[in-house]
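Ligands are counted one by one from 1 in listed order, and the atoms in each one are counted from 1 as well. Scope of the values below: all heavy atoms of this structure, side chains included, with no hydrogens, waters or symmetry mates.
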Amino acid sequence: MLSNSDQQEILRRRTFAIISHPDAGKTTLTEKLLLYGGAIHVAGAVKSNKIRKTATSDWMEIEKQRGISVATSVMGFDYQDYHINILDTPGHQDFAEDTFRTLTAVDSAIVVIDSAKGVETQTRRLMEVCRMRKTPVMVFMNKMDREGKDPFDLMDEAEKELGIHCTPVTWANGQGLRFESVFALDDRPDNLSGKLQEDLEMIDGVYPAFDREAYLRGDLAPVFFGSAYKTIGVQELLDFFVKNAPSPRPVKAEERTVEPMEDKFTGFCFKIHANMDPNHRSCIAFFKICSGKFERNTYYTHVRKGQQMRFSSPTCFMAQKKETVDEAYAGDIVGLPDTGNFKIGDTLTSGENLHFKGLPSFSPEMFKYIENADPMKQKQLEKGINQLMDEGVAQLFVSQLNGRKIIGTVGQLQFEVIQYRLEHEYQAKCRWEPLQMYKACWLESDDDAELQMFKKRKPQYMAFDKEGRDVFMADSAYVLQMAQQDYKHITFHFTSEF
Ligand code: G4P
């Protein structure tokens, strides 16, 4: 049994990610939260993990910044009676897949929206993942100190674009140059200007009261207004967040649902961070603890390999420091030094044969054939490709027709990263060949005969993903549409998990 104090440790954890479109204010907000937690003492201390709008050719610079970001990948700190873990997500859209996976390790999310720009593309995509996973979200309408959109229009836009019901918890007193403060709607100041009075009547008439159950189900997002830069409205968000955001939530495994309070440890790997030093091929595997307590130097089962492993220097992340820890609890993230034993999605347990679900691959946006450019180095190339795919750098598909390897990414940058890393870490050379491709779809059908027929008729479009699952590689929207129309009993999924 977990001791009482272990249980308290789990209950006080709040593990979340801040998601936004680049420049909406994620870094600034993170920093203000750390300041409230006393984890840092001066503004400007958070080294932005943000990858600035760099030209694609400058990806070395980007990788350098990613290197720095290991330390800021998870920022843990205490606030009031709570222990907060903020999981950082890369800002550059070419690493969106990293962000998708990080979202599988959080119990809730805060969405930051630039009030002048409204809901932007990347926020919309990330929110889709939250909706799919029913992750509870809170919304922070940032930059209210700038002339921006009308707050009611922002509320409408959030509801429509994010596909979630919204209700305001705070409201802005003024906007742009006249923005001074925010107030909680359930604690309204006495003297209100005519405009605010009107706003409040409208709010009362239109929006439902905050309902925590609906929030926890992922159906309702409480909305806050403020300015991260001016530190207005941030404390209101934080206080509400720690009280209402969920402590670690149950996690579904293929075999059963795992509850955080179970006394046995379980966890899964959601991210692998490679060392950029080519002479030193060590990584950090990030594990989300799903249940119980993780202890240093204790044997755990690496389920996929069926091996017992123990870890002498697991790290936890406190604010911006990495520290070796003796124990960590459900909700926490531990970093395990690794030399190639782990893949994304791997499970560690105290012995049980468990496989966590919810680490789907998403249909990539760009595809290229990868070819060997140095016949003497075929083995190295194979090994390099396999390891980079295990790390989750991109997705590999193999044509069922001719065995050619296809790499799918969410951005051009990843092709460059792969080519560079193959050369420098594996002494292998690759060449890219163009491939006209629209979407990769994972297939599901309750009519096996129809599925077999489909595969037989369309061999040129069929590939295996790295798990050996059938994937339909549609080269145009039209081809996909026709397939959907002609094969009514096949469902075409854009993620690998359904
Ligand atoms: P990101 O991590 O989401 O990409 O955004 P970040 O916090 O870096 O903020 C992007 C820019 O927006 C920064 O300006 C930041 O100072 C500014 N900003 C953030 N919150 C607010 C706010 O509430 N009000 C106003 N007016 N600006 C805000 P920058 O000029 O790009 O960088 P810096 O020189 O200020 O660091």
Can you tell me which portion of Thr27 lies within the under-4.0 Å heavy-atom range of ligand 1? Options are side chain, backbone, both, or neither. both
Where ligand 1 meets Asp23 - atom numbers and elements under 4.0 angstrom, heavy-atom basis: 1 (P), 3 (O), 4 (O), 5 (O), 10 (C), 12 (O)
So Phe240 and Phe210, would you call those rings parallel, tilted or perpendicular, with 30° and 60° as cut-offs? perpendicular
Identify which one of Cys290, Pro136, Pro260, Ser108 satisfies the side chain to side chain contact (heavy atoms under 4.5 Å, CB included) criterion when paired with Arg249. Pro136
Close N or O approach (Lys230, ligand 1; < 3.5 Å): no
Sequence neighbours left out, what passes side chain to side chain contact (heavy atoms under 4.5 Å, CB included) with Val242? Give chain and number order. Tyr79, Gln80, Tyr82, Ile84, Leu238
Atoms of ligand 1 under 4.0 Å from any heavy atom of Ser227, numbered from 1 in the order shown, are 22 (C), 23 (O), 24 (N)
Does His273 use its side chain to pair, donor to acceptor, with the backbone of Ile284 at less than 3.5 Å? no
Minimum distance, heavy atoms only, to atom 5 (O) of ligand 1: which one of Ala228, Ser20, Gly148, Gly25 is it? Gly25
Lys32 (side chain) donor-acceptor with Ala228 (main chain) under 3.5 angstrom: yes
What part of Lys26 sits under 4.0 Å from ligand 1 if we count only heavy atoms: the side chain, the backbone, both or neither? both
Checking contacts here: is it the side chain or the backbone of Thr28 that comes within 4.0 Å of ligand 1, counting heavy atoms only? Could be both or neither. both
For Pro22, take its heavy atoms, then give the atoms of ligand 1 lying under 4.0 Å from any of them. 4 (O)
All ring-ring contact (aromatic ring centres under 6.0 Å, His included) counterparts of Phe225, not counting sequence neighbours: Trp171
